[in-house]
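Computed from a prediction, not measured in an experiment: that's the story for all the values here. If you read the sequence from its start, that first residue is 1, and numbering goes on from there.
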Amino acid sequence: MYDAGDHIKFTFPMAFTATVLAWSVLEYGDQMSAAKQLDPALDALKWITDFLIAAHPSDNVLYIQVGDPDLDHNCWERPETMTEKRPLTQINKKSPGSDVAAEAAAAMAAASMVFKSSDTTYSDVLLQHAQKLFTFADTYRGLSSETYPKLQDFYNSTGYVDELLWAASWLYHSTGDQTYLSYVTVQNGKTYAEWGRPTWFSWDDKNPGTQVLLSRLNFFGSKQISNAENEGLKSYRDTAEAVICGLIPDSPQATASRTGGGLIWISGWNSLQHATNSAFLALVYSDYMLSTRTAEVQCSGKYYSPTDIRNFAASQANYILGDNPMKLSYLVGYGSNYPQQVHHRGASIPADAKTGCKGFQYLHSPNPNPNVAMGALVGGPFQNDTFVDSRDNAVQTESSTYNSGTLVGLLSGLVTTSSVAQSFT
């Protein structure tokens, strides 16, 4: 599970991919099953969690990277015949990385619920790792990109307290242990959660995901929640609603950060991640409303139904799949017109090519990729809705796993209008 088109294993985005893929299965597993996509999703999830188990050999050690980015970016070769050196990078007590450790904890806690009914032993193992990783992240605090400054050029996490809240939220759902709920509400909510300030959900910022996830407890209720914890949960839900109000196009609070074609657009590099993540959160929230017969949300005096919120989510999915000014599907393999030059080593090099490290003629080739990266979601359009299908244009044509994780949930949730599971366990 390389993060994108190269051959580095970055544990941070890999773990985030697993967390949102697990969340997608927990909310929409029935729809995935109906579409015969549940087993592939579970296989993909277990591939990552197996890696995370191996990468956590002792309580306060986590391997956060396999490979050297400088070496890797000087190579263009097939993953199957890779020859470059693969040094390991770890965090530990003296070299902390709370952001990565907490994200790995979130992934394993969420996945433990996914596998609980099919493999209780594996589920228990995941949960034990999750709890130890959370304790490690919380006790030995530090930012991975400060411990290892080279990471700043790749996954420069801007903080770790959002991951601590995210991990504790998943651990509460997976264990029912009140100490995790107290951690995110009474103890650290006011300090860490940025209540009242909506932001963008991504591999770097988990706050909007935590806000929507904890809204579940406010929507569906939970046993033995104190008044102080309930107040905290209400603040999370209020902030989640502010996120939703920013997404609905005609809301008084609507963000102006979108293209003329209607796509949420925040940054040029990998622009589709924010549209996909935003649409996933909106869909989940609308289904929480449907499941509890919550009629509307209020956005500065205007009211919006679950259908209005769902329509926004569908608009982003439709744009991605071809309803856009380019009439291009950004999901590789879907439809008749999709990117042919995905910036991806494995896709661009013929299976029988003997390149060694220097297969750059395939990077710069004007020809379509010989191997179709089926299901890859490329970076996406510029703010003016244009797209240049060139392998050298990594900003737009590189695919990433962490886009795909939320896309699975978004598309699965749109298969049919339905209520979500009222409990994960």
Side-chain angles (χ1 to χ4, degrees), residues 1-14 17 44 47 65-89 150-156 203 267-273 276 320 324 326 328-405 407:
M1 281 284 179
Y2 307 128
D3 64 307
D6 54 20
H7 293 155
I8 303 295
K9 292 182 183 178
F10 292 104
T11 301
F12 194 33
M14 190 194 303
T17 301
W47 188 273
Q65 189 174 302
V66 180
D68 178 283
D70 293 333
L71 290 175
D72 182 79
H73 287 181
N74 285 321
C75 275
W76 196 266
E77 60 183 333
R78 297 174 64 239
E80 295 88 345
T81 54
M82 189 192 307
T83 56
E84 66 196 67
K85 290 182 179 176
R86 308 285 284 163
L88 300 173
T89 304
K150 276 179 80 171
L151 278 174
Q152 293 171 19
D153 293 333
F154 302 95
Y155 291 96
N156 186 23
W203 59 261
S267 67
W269 192 282
N270 188 14
S271 62
L272 284 177
Q273 70 168 314
T276 309
I320 289 166
N324 57 61
M326 296 290 291
L328 179 74
S329 166
Y330 291 105
L331 185 64
V332 177
Y334 179 82
S336 56
N337 185 27
Y338 52 83
Q340 301 296 307
Q341 292 201 30
V342 183
H343 180 94
H344 186 279
R345 288 158 174 75
S348 67
I349 303 173
D352 57 354
K354 304 283 192 290
T355 64
C357 206
K358 302 298 178 189
F360 286 99
Q361 71 268 30
Y362 297 108
L363 168 61
H364 305 306
S365 165
N367 299 322
N369 283 344
N371 314 308
V372 178
M374 190 68 70
L377 183 65
V378 297
F382 288 133
Q383 194 164 13
N384 64 0
D385 291 300
T386 62
F387 179 84
V388 179
D389 187 12
S390 167
R391 218 172 283 104
D392 284 305
N393 177 20
V395 169
Q396 290 193 291
T397 63
E398 192 166 15
S399 58
S400 62
T401 61
Y402 45 92
N403 288 16
S404 299
L407 184 66

Item to check | Name of the residue among Lys150, His73, Lys85 meeting side-chain contact (heavy atoms from CB on, under 4.5 Å) with Asp68 | outcome: Lys150
Is it true that a side-chain atom of [X] and a backbone atom of [Y] form a donor plus acceptor pair closer than 3.5 Å?
X	Y	value
Arg78	Ala353	no
Arg391	Asn367	yes
Ser271	Pro381	yes
Arg345	Cys75	yes
Glu84	Arg86	no
Asn371	Gly346	yes
Thr386	Phe382	no
Ser329	Gly335	no

Next on the checklist: Let's go through Ser348 and Trp76 carefully: what are the C-alpha distance in whole Å and the side-chain angles of both, what is the deciding distance for side-chain hydrogen bond (donor to acceptor under 3.5 Å, both in side chains) to 0.1 Å, and is it a yes or a no?
Outcome noted: CA-CA 9 Å; Ser348 67; Trp76 196 266; 2.9 Å; yes
Validation row: [X], [Y] side chains within 4.5 angstrom (heavy atoms):
X	Y	value
Phe387	Asn324	no
Ser399	Val342	yes
Asn270	Glu398	no
Ile8	Val66	no
Gln396	Asp389	no

Checklist entry - If you round to the nearest 0.5 Å, how far is CG of Asn369 from CD of Gln341? => result 6.5 Å
Checklist entry - Between CG of Asp72 and OH of Tyr2, what distance do you get to the nearest 0.5 Å? => result 8.5 Å
Item to check | Residue pair Leu151, Phe12: steps toward the side-chain contact (heavy atoms from CB on, under 4.5 Å) verdict | outcome: CA-CA 11 Å; Leu151 278 174; Phe12 194 33; over 6 Å; no
Item to check | Which residues share a ring pair (Phe, Tyr, Trp, His ring centres under 6.0 Å) with His364, sequence neighbours left out | outcome: none
Item to check | Phe154, CZ atom: more than 12 neighbouring heavy atoms under 6.0 Å | outcome: yes
Checklist entry - What residues form a side-chain contact (heavy atoms from CB on, under 4.5 Å) with Thr17, not counting sequence neighbours? => result Ile48, Thr401, Tyr402
Checklist entry - Ring centres of Tyr155 and Phe10 under 6.0 Å apart? => result yes
